[in-house]
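Residue numbers run from 1 in the order of the sequence given.
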Amino acid sequence: MDDPRTLNKIIHFRPSCNYLNINELACLWEMKIGKTLPRVTITEHDLLAVATENCIPQSIVASFTHDIFIKGCQVDFKIDGPNEVEVTALYPEETFKTIDECFDEFVIAGVQDYNVVAADNDDGGKKNQFATTKSNPTCVSSAA
């Protein structure tokens, strides 16, 4: 970059239009491909239990999964240090590509031709019901 405002700075790329949780991402992708994806619910308690078992690699994966998806370590922090700046603050006139637009590119590239098969659960005939560890899931889908 040839912008002196970025010299010796940590540049964060977090446009607000792309702040999506995993449920929102899954629902958006399902709308793009016209199919329902299989989902599995894992509680925070279950993740922490696996993480404390000290069984490599499952414990490491569970720890990272908890930190990223439950605690939100990758997005739930302030950008306020003297050497940190968010890209939309530097370039407010720029329009950034949304996740929705990126997914469109994948679909156009032929992803809709892949056969995504939704698996049946043994949950009383409902298919692919998804609930997050948070109390308000973004998307709950079931077969008609």
Side-chain angles (χ1 to χ4, degrees), residues 1 3 5-6 8-92 94-144:
M1 288 182 117
D3 187 338
R5 298 175 297 171
T6 64
N8 298 320
K9 303 266 189 201
I10 298 169
I11 309 300
H12 297 273
F13 186 79
R14 301 194 316 190
S16 61
C17 62
N18 288 332
Y19 263 52
L20 302 172
N21 64 38
I22 197 70
N23 291 331
E24 292 166 329
L25 283 172
C27 290
L28 182 59
W29 185 245
E30 287 175 333
M31 287 188 296
K32 297 292 180 189
I33 64 173
K35 303 208 184 236
T36 301
L37 301 173
R39 294 186 168 110
V40 175
T41 301
I42 301 173
T43 66
E44 180 177 13
H45 175 38
D46 292 342
L47 273 175
L48 291 173
V50 172
T52 58
E53 287 178 1
N54 202 20
C55 180
I56 308 291
Q58 292 88 347
S59 294
I60 294 170
V61 171
S63 295
F64 286 150
T65 301
H66 180 266
D67 205 31
I68 293 167
F69 293 109
I70 305 295
K71 295 297 183 184
C73 72
Q74 294 182 331
V75 294
D76 194 20
F77 60 90
K78 292 182 181 177
I79 301 173
D80 58 4
N83 295 319
E84 296 181 274
V85 66
E86 207 283 322
V87 73
T88 58
L90 287 174
Y91 309 106
E94 291 293 324
T95 302
F96 296 96
K97 188 177 285 191
T98 65
I99 296 295
D100 187 40
E101 292 167 332
C102 291
F103 280 1
D104 283 340
E105 290 179 12
F106 280 107
V107 172
I108 290 168
V111 174
Q112 77 271 21
D113 294 335
Y114 285 87
N115 187 13
V116 180
V117 179
D120 285 335
N121 314 8
D122 54 337
D123 63 356
K126 293 181 182 174
K127 289 174 86 174
N128 308 320
Q129 192 165 4
F130 182 67
T132 181
T133 55
K134 297 186 180 192
S135 60
N136 296 319
T138 301
C139 175
V140 176
S141 59
S142 60

Can you list the steps and then say if Leu47 with Phe64 is a side-chain contact (heavy atoms from CB on, under 4.5 Å)? CA-CA 10 Å; Leu47 273 175; Phe64 286 150; over 6 Å; no
OG1 on Thr36 to CH2 on Trp29, rounded to 0.5 Å: 14.0 Å
Residues that Lys97 engages under salt bridge (Lys or Arg N to Asp or Glu O under 4.0 Å), provided they are two or more places apart: Glu105
Evaluate side-chain contact (heavy atoms from CB on, under 4.5 Å) for Leu25 paired with Phe103, printing each intermediate quantity in order. CA-CA 10 Å; Leu25 283 172; Phe103 280 1; 4.1 Å; yes
Kindly write out the residues that satisfy salt bridge (Lys or Arg N to Asp or Glu O under 4.0 Å) with Asp46, not counting sequence neighbours, or none if the list is empty. none
Donor-acceptor contacts, no H, no angles, side chain residues 78-85, under 3.5 Å, sequence neighbours left out:
| from | atom 1 | to | atom 2 | distance (Å) |
| --- | --- | --- | --- | --- |
| Glu84 | OE1 | Gly81 | N | 3.3 |
| Glu84 | OE2 | His12 | NE2 | 2.9 |

With side chain to side chain donor-acceptor pair (under 3.5 Å) as the rule and sequence neighbours excluded, what pairs involving residues 56-66 come up? Glu44-His66
Partners of Phe96 by ring-ring contact (aromatic ring centres under 6.0 Å, His included), sequence neighbours excluded? Phe13
Report the residues that fulfil side-chain hydrogen bond (donor to acceptor under 3.5 Å, both in side chains) with Asn18, sequence neighbours left out, ordered by chain and then residue number. none
With rounding to the nearest 0.5 angstrom, report the CD1 to CG distance, Ile11 to Asp3. 8.0 Å
From Thr6 OG1 over to Tyr91 OH, what is the distance, rounded to the nearest 0.5 angstrom? 5.5 Å
